[in-house]
A.B. asks: 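The structure that follows is given in the form of structure tokens.
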Amino acid sequence: MLSSFFPPEDLLPETKLHNVAYANDILTVVAFMKQKLYADTSAIQRINAILKDAVTKFSADAGKFALAGYDQAGNIALRYTELTYEHPSQFLVQPKAVFGIDTPVDLFGLWHWSERQIKKNYWPGTVGDAKYYLDALTKENGTIYNNPEKYKRLTPFNKEEEVAGNEQYLRKVAVRLYYDTDIDWQLKNRRNSFYDTKMPDASELINRLLLSGNDKAEFVASKQPGLRSNGIRHPTSLSIVDEVECIQWIKKSLNIFDPIAWKPPYELIIPKDWGVERFSLPPEFASRIIYKGVEDLRFAPGWGDSTSGQYWSYAYMWWLDGDPKIDAGNLQENLKAYYTGLVERNIISRKIPANKLVPVNVTIKKIKTVPDDLETYSGEIHMLDYMIQRPIILNTLIHKKNCGVQKHTTVFVEVSPKPFTHPIWRQFDEMEKGFRCNL
């Protein structure tokens, strides 16, 4: 999130967006733009450096970024996003979603707004802001009257233009603009009509994006008034954003898997008292596996109890995109990467000493195909049991299934340290035989 006038330490207490993002495994970076009003060269270079650092330091997926801007910085976020689509070869990251919070989207409109506020001379804070804007813009670019072409290059949107301007580069981007739409409060407390707010320009931008075919463009009227943490009522407040709903919108816009909202396009039974977990593939702990899709797990009730006969017994369905190569060698390689990552993610949290670590070894072989399988495999996974910090051997049966018209590949994996004669495998068989694709 970009902010022009509030450094991160002042901005973060005003919202829980970053907390909700964290709970959804989304990294949040807050950048102070140092009083910048628009995306000039220095602002662009600063954002480039921040995004490059995020990709490098946190191994962030450059294809899954959303950019946000609070107040004036929303103007920067919009224009930066446009530039990444106008000149894609010059940018590491192309945001898939962008949103502004009480943002002036049109520099020409900001200029005229400032002139009106100064002439009206009603609310000191607003008048002071207007004078600052005009002074800063004039010093850096001249006025909109003597240098309009420069402002046309700098502004994300110019409502006075009849043909599409810079906003044309947002046609494929999810765009949201948030505003406190309480006009009654504006009239009574600031003597502002609707045309003295940032909303007319914003609604016109969203309308033009919709007309251009971007059905992911939204004007969001806040469900709650702008209220800062000190109790002061102010339309330029982060409280106008519903944090939970906004993060869900980001996840949808970035095509991030939501295990709660996801509806399996198949039937896989859940035995009584068994646990369920779902996440996207490749998982964050094993980014080296080549498969993409969804993992749908079933944990035996005694999975995490070392005294139970069901210890380390679980099964999972890999619902894979497309038709990836599935054979013994490929499964062996990817399962090794999977379980290596699973052990590594537990080393620090469980304080596992280095002398207890053992390499992960996986052996997989193709066996006689069982009924209703396309192919069947069995094997062993040798690894560290990170729960009791001892080596363990997990037996596995792997079923490649057929879902025909679904354009997905399904792989059902059964795992247990128990021999294949143990009753746990009969429960796995019931799950495997009960699997159905929803055609």
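Just so it is clear, the structure is predicted and the values come from calculations on it, not from any experiment.
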A.B. asks: Could you tell me whether the side chain of Asp106 and the main chain of Thr155 form a donor-acceptor pair under 3.5 Å?
C.D. replies: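 Looks like no, no N/O pair under 3.5 Å.
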A.B. asks: What's the verdict on salt bridge (charged side-chain N to carboxylate O under 4.0 Å, His left out) for Arg176 and Glu245, showing C-alpha distance, side-chain angles and the deciding distance?
C.D. replies: CA-CA 12 Å; Arg176 271 193 172 186; Glu245 194 278 335; 2.7 Å; yes
A.B. asks: Centre of Trp274's six-membered ring, under 6.0 Å away, within 45 degrees of the axis: is that where NZ or CZ of Arg298 sits?
C.D. replies: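 Negative - Arg298 is either too far from the ring of Trp274 or too far off its axis.
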A.B. asks: Should the ring pair Tyr133 and Phe5 be called parallel, tilted or perpendicular, given that the plane angle runs from 0 to 90° and is split at 30 and 60?
C.D. replies: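 Answer is tilted, since the angle falls between 30° and 60°.
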A.B. asks: Check whether more than 12 heavy atoms from other residues, nucleotides or ligands sit under 6.0 Å from atom CD1 of Ile388, and answer yes or no.
C.D. replies: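 Yes, enclosed.
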A.B. asks: Check the pair Tyr80, Phe91 against ring-ring contact (aromatic ring centres under 6.0 Å, His included), reporting the backbone distance first and the verdict last.
C.D. replies: CA-CA 10 Å; Tyr80 181 88; Phe91 295 89; 5.3 Å; yes
A.B. asks: Counting only N and O atoms by type, is there a donor-acceptor contact under 3.5 Å from the side chain of Thr103 to the main-chain atoms of Ile101?
C.D. replies: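 Yes; judged by distance alone, with no hydrogens or angles, the pair exists.
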A.B. asks: Are any non-hydrogen side-chain atoms of Phe32 and Pro8 less than 4.5 angstrom apart?
C.D. replies: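 Yes; the side chains approach each other to less than 4.5 Å.
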A.B. asks: Got a second to check how far Leu335's CG is from Asn330's CG, nearest 0.5 Å?
C.D. replies: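 With rounding to 0.5 Å, CG (Leu335) is 9.5 Å from CG (Asn330).
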A.B. asks: Which heavy atom of Thr84 sits nearest a heavy atom of Gln94, and at what distance?
C.D. replies: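 Nearest pair, atom of Thr84 first, then Gln94: O-NE2, 2.8 Å.
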A.B. asks: Below 6.0 angstrom between ring centroids: does that apply to Phe157 and Phe108?
C.D. replies: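 Not close enough - the centres of the two rings lie 6.0 Å or further apart.
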A.B. asks: Is there a donor-acceptor pair closer than 3.5 Å between any side-chain N or O of Arg191 and the backbone N or O of Lys188?
C.D. replies: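 A pair under 3.5 Å: yes.
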A.B. asks: Just checking Tyr122: does its OH atom have more than 12 heavy atoms from other residues, nucleotides or ligands closer to it than 6.0 angstrom?
C.D. replies: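 Yes, the 6.0 Å shell around OH holds more than 12 heavy atoms from other groups.
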A.B. asks: Test side chain to side chain contact (heavy atoms under 4.5 Å, CB included) on Ile144 and Leu137; report intermediate values, then the result.
C.D. replies: CA-CA 9 Å; Ile144 62 170; Leu137 290 170; over 6 Å; no
A.B. asks: Could you tell me whether a side-chain N or O of Ser239 sits under 3.5 Å from a main-chain N or O of Pro225, the two making a donor and an acceptor?
C.D. replies: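 Indeed, once roles are kept as given, a pair shorter than 3.5 Å links the two residues.
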A.B. asks: Atom CG in Asn346, atom OG in Ser349: separation rounded to 0.5 Å?
C.D. replies: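 Reported to 0.5 Å precision, the distance equals 4.5 Å.
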A.B. asks: Take atom CZ in Phe194; do more than 12 heavy atoms of anything else shown fall under 6.0 Å from it?
C.D. replies: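 Yes.
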A.B. asks: For the side chain of Asn214 and the backbone of Val173, is there at least one donor-acceptor N/O pair under 3.5 Å apart?
C.D. replies: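 A pair under 3.5 Å: yes.
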A.B. asks: Roughly how far, to the nearest 0.5 Å, is the OG1 atom of Thr236 from the CG atom of Asp71?
C.D. replies: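 Reported value, rounded in 0.5 Å steps: 5.0 Å.
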A.B. asks: Mark yes or no for whether Arg208, through its side chain, and Lys159, through its backbone, hold a donor-acceptor pair below 3.5 Å.
C.D. replies: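 Answer holds: yes.
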A.B. asks: Can you list the steps and then say if Tyr179 with Phe219 is a ring-ring contact (aromatic ring centres under 6.0 Å, His included)?
C.D. replies: CA-CA 8 Å; Tyr179 297 91; Phe219 180 100; 5.3 Å; yes
A.B. asks: On a heavy-atom basis, which atom in Leu177 and which in Leu78 lie closest, and how many Å separate them?
C.D. replies: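 Answer, listing the atom of Leu177 first, then Leu78: CD2-CD1, 4.2 Å.
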A.B. asks: If we only count heavy atoms from C-beta on, is the Arg46 to Ile50 side-chain gap below 4.5 Å?
C.D. replies: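 When only atoms from C-beta onward are counted, Ile50 and Arg46 do touch, with a gap below 4.5 Å.
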A.B. asks: Can you check whether Lys96 reaches Ser253 side chain to side chain, under 4.5 Å on heavy atoms?
C.D. replies: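 No, their side chains stay 4.5 Å or more apart.
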A.B. asks: For residues 120-143, which residue pairs qualify under salt bridge (charged side-chain N to carboxylate O under 4.0 Å, His left out), counting only residues two or more places apart or in two chains?
C.D. replies: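 Every salt bridge (charged side-chain N to carboxylate O under 4.0 Å, His left out) pair that includes a residue of residues 120-143, provided the two are not neighbours, is Lys120-Asp196, Asp135-Lys139.
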A.B. asks: Hey, mind stepping through Met383 and Leu394 against side chain to side chain contact (heavy atoms under 4.5 Å, CB included) and telling me if it holds?
C.D. replies: CA-CA 8 Å; Met383 58 178 283; Leu394 302 175; 3.7 Å; yes
A.B. asks: Give the minimum heavy-atom separation between Thr363 and Gln332, together with the two atoms involved.
C.D. replies: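 What the structure gives for the nearest pair is CA-OE1, 3.3 Å.
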A.B. asks: Using only atom types and a distance under 3.5 Å, with no angle test, would you say the side chain of Lys198 pairs donor to acceptor with the backbone of Asp102?
C.D. replies: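 Yes.
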A.B. asks: Distance check, rounded to the nearest 0.5 Å: Ile76 atom CD1 versus Leu67 atom CG?
C.D. replies: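 Between atom CD1 of Ile76 and atom CG of Leu67 there are 9.5 Å.
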A.B. asks: Under the 3.5 angstrom rule, does the side chain of Arg79 hit a backbone N or O of Asp40 as a donor-acceptor pair?
C.D. replies: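 Such a contact is absent between Arg79 side chain and Asp40 backbone.
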A.B. asks: Which distance, rounded to the nearest 0.5 Å, do you find between the CZ of Phe99 and the CG of Leu17?
C.D. replies: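 Going from the CZ atom of Phe99 to the CG atom of Leu17 covers 5.5 Å.
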A.B. asks: Can you tell if the side chain of Val29 reaches within under 4.5 Å of the side chain of Met1, non-hydrogen atoms only?
C.D. replies: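 No, every pair of side-chain atoms sits at 4.5 Å or beyond.
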A.B. asks: Is it possible for you to check whether Arg278 lies under 6.0 Å from the centre of the six-membered ring of Trp262, through NZ or CZ, and within 45° of that ring's axis?
C.D. replies: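 That pair does not qualify as a cation-pi contact.
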A.B. asks: Considering all heavy atoms of both residues, which atom of Leu297 and which atom of Phe299 are nearest to each other, and what is their separation?
C.D. replies: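 For Leu297 and Phe299, the tightest heavy-atom pair comes out as CD2-CZ, 3.6 Å.
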A.B. asks: Given the rule in the ring-ring contact (aromatic ring centres under 6.0 Å, His included) test, do Tyr338 and Tyr291 qualify, once you have shown the distances and angles that lead to the verdict?
C.D. replies: CA-CA 11 Å; Tyr338 181 98; Tyr291 302 135; over 10 Å; no
A.B. asks: For this output row, return yes or no: ring centroids of Phe412 and Tyr266 closer than 6.0 angstrom.
C.D. replies: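 Judged by ring-centre distance (under 6.0 Å), Phe412 and Tyr266 do not meet the cut-off.
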A.B. asks: Begin from the C-alpha positions of Glu160 and Lys152 and carry the test salt bridge (charged side-chain N to carboxylate O under 4.0 Å, His left out) through to its verdict.
C.D. replies: CA-CA 10 Å; Glu160 296 174 357; Lys152 288 180 182 179; over 6 Å; no
A.B. asks: Using a 4.5 Å cut-off on heavy atoms from C-beta on, say whether the side chain of Tyr386 contacts that of Leu342.
C.D. replies: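 Leu342 reaches Tyr386 side chain to side chain.
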A.B. asks: Give me the ring orientation class for Tyr314 and Trp312: parallel if the planes are under 30° apart, tilted from 30 to 60°, perpendicular past 60°.
C.D. replies: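 Taking Trp312 first and then Tyr314, their aromatic rings sit tilted (interplane angle of 30° to 60°).
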A.B. asks: Taking all heavy atoms of Glu167 and all of Val163, pick out the closest pair and write down the distance.
C.D. replies: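 Heavy-atom minimum between the residues: OE2-O, 4.4 Å.
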A.B. asks: Evaluate the criterion side chain to side chain contact (heavy atoms under 4.5 Å, CB included) for residue pair Phe58 and Thr56; output intermediate values, then yes/no.
C.D. replies: CA-CA 6 Å; Phe58 300 102; Thr56 303; over 6 Å; no
A.B. asks: Just by distance, do the side chain of Lys216 and the backbone of Lys172 share a donor-acceptor pair under 3.5 Å?
C.D. replies: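 Yes, Lys216 side chain to Lys172 backbone: donor-acceptor pair under 3.5 Å.
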A.B. asks: Is a side-chain donor or acceptor of Thr410 paired with a backbone partner of Lys401 at a separation under 3.5 angstrom?
C.D. replies: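 Yes: the side chain of Thr410 pairs with the backbone of Lys401.
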A.B. asks: Below 4.5 Å, heavy atoms only, C-beta onward: do Cys403 and Phe435 meet side chain to side chain?
C.D. replies: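 In short, these two side chains touch, coming nearer than 4.5 Å.
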A.B. asks: Nearest 0.5 angstrom please: Ile250 CD1 to Phe65 CZ, how far?
C.D. replies: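 Between Ile250 CD1 and Phe65 CZ, I get 12.0 Å after rounding to 0.5 Å.
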A.B. asks: Looking at every non-hydrogen atom in both residues, tell me the closest pair between Ala164 and Arg171 and how far apart they are.
C.D. replies: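 Shortest heavy-atom separation between Ala164 and Arg171 comes out as CB-NH2, 3.9 Å.
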A.B. asks: Just wondering, do Asn121 and Trp123 contact through their side chains at under 4.5 Å, heavy atoms?
C.D. replies: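 Contact flag for Trp123/Asn121 side chains = no.
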A.B. asks: Answer yes or no: is there a side-chain heavy-atom contact under 4.5 Å between Gln72 and Met33?
C.D. replies: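 No, every pair of side-chain atoms sits at 4.5 Å or beyond.
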A.B. asks: Working note: His399 + Glu414, criterion side chain to side chain contact (heavy atoms under 4.5 Å, CB included); need CA distance, chi angles, decisive distance, verdict.
C.D. replies: CA-CA 9 Å; His399 308 265; Glu414 306 167 10; 2.8 Å; yes
A.B. asks: Would Gln117 and Asn192 count as a side-chain hydrogen bond (donor to acceptor under 3.5 Å, both in side chains) here? Give the steps.
C.D. replies: CA-CA 9 Å; Gln117 294 296 339; Asn192 285 333; 3.1 Å; yes
